[in-house]
*Asks:* 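This is the structure, below, for whatever I ask next.
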Amino acid sequence: MDPGADQLAVRDWLHGFAADVIRPAAAEWDEREETPWPVIQEAAKLGIYSLDFYAQQYFDPSGIGIPIAMEELFWGDAGIGLSIVGTTLAAVAVLANGTDEQIGTWTPQMFGTPDDVKVAAFCSSEPDAGSDVSALRTRAVYDEAKDEWVLNGTKTWATNGGIAAVHVVVATVDPELGARGHASFVVPPGTPGLSQGQKFKKHGIRASHTAEVVLDGVRVPGSCLLGGKEKLDERLARAREGVQKSGGRGNAAMATFEASRPAVGAQAIGIARAAYEVALDYARTREQFGRPIIDNQGVAFQLADMKTRIDAARLLVWRASWMAVNNQPFTAAEGSMSKLYAGETAKWVTAQAMQILGGNGFTREYPVERMHRDSAIYSIFEGTSEIQRLVIARAISGMPIR
């Protein structure tokens with residue numbers, strides 16, 4: 001698949017922003033471990049951090065608008081990139097589960113304006129429920145007299161958790177139904193009872209804010225239940241009868257992850273490509289024993305394998321993204337394939353880049369050390385590599401593999 005003129009124009013525009021704005025700031029914000037608000041605001045002023053921009057890419061009929069955008073921004077830097085795009089996970093949750101009215105009401109508030117930038121957070125994982133989403137303990141109880149939902153629990157690993165204007169929270173409404181008893185709720189700005197818990201100090205993507213979110217008697221209007229109560233009651237009734245809704249949309253968290261996995265794979269490709277380019281340039285210019293080190297087959301073959309894996313990962317991501325836009329079913333878990341291979345590729349390529357740079361690769365004078373740290377999360381979040389393999393194995397075998 002070749003990108004068209006529109007996709008190429010967007011790619012070049014984002015590449016320029018990544019090269020001129022993101023990269024010069026990357027090391028500083030990695031060291032500070034703080035949200036890079038000035039960079040987000042600059043992205044907002046240019047129209048990159050906006051609902052309109054992501055909607056245009058999301059609805060691109062080729063399907064590759066979002067992957068191209070993700071790859072370029074994360075080629076700049078993964079931590080800053082995630083700060084710029086982290087809001088989209090909450091937006092996807094609303095798009096996947098919400099009504100048209102809810103989409104129109106909440107998604108603009110997630111981004112704010114260029115003069116008053118906001119972020120949003122998607123809150124699914126819990127201290128005892130990561131890969132096992134059926135183990136969620138956060139409860140949502142309906143107060144019929146007031147038409148309000150009352151949320152109690154603790155979320156963890158939430159990107160933008162606590163600093164977000166809008167939080168989207170996955171909670172259990174019927175614990176007996178496990179994962180089929182979940183629903184998603186919007187918690188509006190300034191809602192009492194929501195607070196930030198621990199902010200995590202991370203190995204990588206350190207410019208991106210990750211924290212716990214504590215929900216203590218949080219009350220939200222009935223209109224904040226994504227999809228509405230009538231739809232929820234119908235789904236719960238079917239679940240109680242043992243009938244699972246087809247297509248994977250019956251579970252609020254899974255609907256979001258299903259839609260976002262190829263985009264996450266594209267982020268990993270951006271990191272891998274950045275590290276590969278540094279290694280290639282270094283191998284061409286670094287001399288040992290009187291010649292550039294790329295003249296050695298051991299180094300040249302490493303680079304050949306790095307490039308091959310990056311291109312293969314990109315094709316898997318583009319295929320899954322095209323399938324999603326064109327409503328093609330993931331009969332072989334193609335979405336999970338793309339995220340699995342791209343994430344593993346990023347870890348492997350950045351490790352090879354460090355090896356090619358030798359001692360220099362281990363220092364913070366060169367960016368591959370940071371890229372290697374950033375890549376580590378891509379076999380963990382949005383479904384670990386082991387979970388992706390489980391999803392793929394179940395899809396190709398038709399067996400309930402555990």
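FYI, side chains are in, hydrogens and waters are out, and symmetry mates aren't considered; it's all heavy atoms of this structure. The model shown is predicted, which means the values in this text are computed figures rather than measured ones.
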*Asks:* Can you tell if the side chain of Leu136 reaches within under 4.5 Å of the side chain of Lys155, non-hydrogen atoms only?
*Replies:*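 SC-SC contact between Leu136 and Lys155 confirmed.
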*Asks:* With side chains defined as the heavy atoms from C-beta onward, is the minimum distance between Lys347 and His372 less than 4.5 Å?
*Replies:* no
*Asks:* Please state whether the rings of Tyr378 and Phe74 are parallel, tilted or perpendicular, taking 30° and 60° as the class boundaries.
*Replies:*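 Geometry flag for Phe74 against Tyr378: perpendicular rings.
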*Asks:* Less than 4.0 Å between a side-chain N and a carboxylate O, is that true for Arg180 and Asp174?
*Replies:* no
*Asks:* Taking NZ, NE, NH1 and NH2 as the nitrogens, is one of them in Arg370 or Asp30 under 4.0 Å from a carboxylate oxygen of the other?
*Replies:* no
*Asks:* I would like to know whether Trp149 and Val218 meet side-chain contact (heavy atoms from CB on, under 4.5 Å); could you show each step before the answer?
*Replies:* CA-CA 8 Å; Trp149 288 89; Val218 172; over 6 Å; no
*Asks:* Minimum heavy-atom separation for Ile84 and Ala43, please, with both atom names.
*Replies:* CD1-CB, 4.4 Å
*Asks:* Just by distance, do the side chain of Thr107 and the backbone of Gly104 share a donor-acceptor pair under 3.5 Å?
*Replies:*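 Not confirmed, Thr107 side chain does not pair with Gly104 backbone.
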*Asks:* Leu151 and Ala140: which non-hydrogen atoms are nearest, and at how many Å?
*Replies:*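 Smallest interatomic distance, heavy atoms only, reads CD1-CB, 4.1 Å.
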*Asks:* So, for Asn160 and His167, which heavy atoms are closest and what is the spacing to 0.1 Å?
*Replies:* O-NE2, 4.2 Å
*Asks:* Taking atom types as modelled, find out whether Thr138 and Glu126 have a side-chain donor-acceptor pair closer than 3.5 angstrom.
*Replies:*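 Thr138 vs Glu126: donor-acceptor pair found between side chains.
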*Asks:* Report the C-alpha separation of Phe200 and Trp157 in whole Å, then their side-chain angles, then the decisive distance to 0.1 Å, and conclude whether the ring-ring contact (aromatic ring centres under 6.0 Å, His included) test is met.
*Replies:* CA-CA 8 Å; Phe200 295 102; Trp157 313 123; 4.3 Å; yes
*Asks:* Taking Arg394 for the side chain and Met399 for the main chain, is one N or O donor matched with an acceptor at less than 3.5 Å?
*Replies:*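 Such a contact is absent between Arg394 side chain and Met399 backbone.
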*Asks:* Counting N and O atoms only, with roles assigned by atom type, does the side chain of Gln352 sit under 3.5 Å from a partner on the main chain of Met306, one being a donor and the other an acceptor?
*Replies:* no
*Asks:* May I ask you to check whether over 12 heavy atoms, not counting those of Glu31, lie within 6.0 Å of atom CD?
*Replies:* yes
*Asks:* Which atom pair, heavy atoms only, marks the closest approach of Leu82 to Gln267?
*Replies:* CD1-OE1, 4.3 Å
*Asks:* Using modelled atom types only, decide if a donor and an acceptor are shared between the side chain of Asn326 and the backbone of Gln328 within a distance under 3.5 Å.
*Replies:* no
*Asks:* Tell me if a side-chain donor or acceptor on Gln102 pairs with a main-chain N or O of Gly227 at a distance below 3.5 Å.
*Replies:*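 Checking the backbone N and O of Gly227 against the side chain of Gln102, a donor-acceptor pair under 3.5 Å is found.
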*Asks:* Check step by step if side-chain hydrogen bond (donor to acceptor under 3.5 Å, both in side chains) holds for Lys202 and Thr210.
*Replies:* CA-CA 8 Å; Lys202 305 189 300 293; Thr210 309; 3.2 Å; yes
*Asks:* For a quick check under 3.5 Å, do Gln7 and Ser62 share a side-chain donor-acceptor pair by atom type?
*Replies:*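 Yes, Ser62 and Gln7 have a side-chain donor paired with an acceptor closer than 3.5 Å.
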*Asks:* Could you walk me through whether Asp311 and Arg314 pass the salt bridge (Lys or Arg N to Asp or Glu O under 4.0 Å) test, one step at a time?
*Replies:* CA-CA 5 Å; Asp311 284 9; Arg314 183 183 297 111; 3.1 Å; yes
*Asks:* Grab the two heavy atoms, one from Val325 and one from Asp60, that are nearest each other, plus how far apart they are.
*Replies:* CG1-O, 3.8 Å
*Asks:* Keeping Thr88 on the side-chain end and Ala91 on the backbone end, is there a donor-acceptor pair under 3.5 Å?
*Replies:*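 Here the side-chain-to-backbone pair does not exist.
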*Asks:* Between CD1 of Ile163 and OG1 of Thr159, what distance do you get to the nearest 0.5 Å?
*Replies:* 9.5 Å
*Asks:* Could you tell me whether Asp128 and Arg137 have a side-chain N and a carboxylate O separated by less than 4.0 Å?
*Replies:*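 Yes.
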*Asks:* Are Asp116 and Lys118 ion-paired here, with the side-chain N under 4.0 Å from a carboxylate O?
*Replies:* yes
*Asks:* Find out whether Leu357 and Val278 are in side-chain contact, i.e. whether some heavy atom of one side chain is under 4.5 Å from a heavy atom of the other.
*Replies:* yes
*Asks:* Does the side chain of Arg11 reach to within under 4.5 Å of the side chain of Pro3, using non-hydrogen atoms?
*Replies:* no
*Asks:* Would you find a donor on one side and an acceptor on the other, under 3.5 Å apart, between the side chain of Asn296 and the backbone of Ile293?
*Replies:* yes
*Asks:* Against Phe53, only a single residue in Tyr58, Phe111, Trp13, Phe59 fulfils ring pair (Phe, Tyr, Trp, His ring centres under 6.0 Å); can you say which?
*Replies:* Trp13
*Asks:* Is there side-chain contact between Trp348 and Asp305, with heavy atoms separated by less than 4.5 Å?
*Replies:* yes
*Asks:* Measure from the side-chain N and O atoms of Ser208 to the backbone N and O of Ile205, and report whether any donor-acceptor pair falls under 3.5 Å.
*Replies:* no
*Asks:* Is there side-chain contact between Ile294 and Tyr282, with heavy atoms separated by less than 4.5 Å?
*Replies:*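 Not in contact.
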*Asks:* Is a salt bridge present between Arg291 and Glu287, judged by a nitrogen-to-oxygen distance below 4.0 Å?
*Replies:*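 Judged by the 4.0 Å cut-off on N to carboxylate O distance, Arg291 and Glu287 do not form a salt bridge.
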*Asks:* Could you tell me whether the side chain of Leu215 reaches within less than 4.5 Å of the side chain of Asn152, counting heavy atoms only?
*Replies:* no
*Asks:* For the pair Glu34 and Arg32, find out whether any cationic side-chain nitrogen is under 4.0 Å from an anionic carboxylate oxygen.
*Replies:*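 Looking at Glu34 and Arg32, the cut-off is met.
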*Asks:* Of all heavy-atom pairs between Asp147 and Tyr142, which one has the smallest distance, and what is that distance?
*Replies:*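 Between these two residues, the closest heavy atoms are OD1-OH, 2.7 Å.
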*Asks:* Calculate, to the nearest 0.5 Å, the distance between atoms CG and CH2 belonging to Asp77 and Trp29 respectively.
*Replies:*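 Output value for this atom pair is 12.0 Å.
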*Asks:* Using a strict cut-off of less than 4.0 Å between a Lys/Arg side-chain nitrogen and an Asp/Glu carboxylate oxygen, indicate whether Glu72 and Arg273 qualify as a salt bridge.
*Replies:*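 Result for this pair is yes, salt bridge flagged.
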*Asks:* Look only at the side chain of Gln388 and the backbone of Glu382, and say whether a donor-acceptor pair between them is shorter than 3.5 Å.
*Replies:*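 Pair found, side chain donor or acceptor close to backbone of Glu382.
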*Asks:* Is any side-chain heavy atom of Glu344 less than 4.5 Å from a side-chain heavy atom of Arg309?
*Replies:* no
*Asks:* Ignoring hydrogens and geometry, is there a side-chain-to-backbone donor-acceptor pair from Thr87 to Val119 under 3.5 Å?
*Replies:*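 No; judged by distance alone, with no hydrogens or angles, the pair does not exist.
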*Asks:* Assign the ring pair His15 / Trp75 to parallel, tilted or perpendicular, where the plane angle (0 to 90°) is split at 30° and 60°.
*Replies:*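 His15 vs Trp75 ring planes: tilted.
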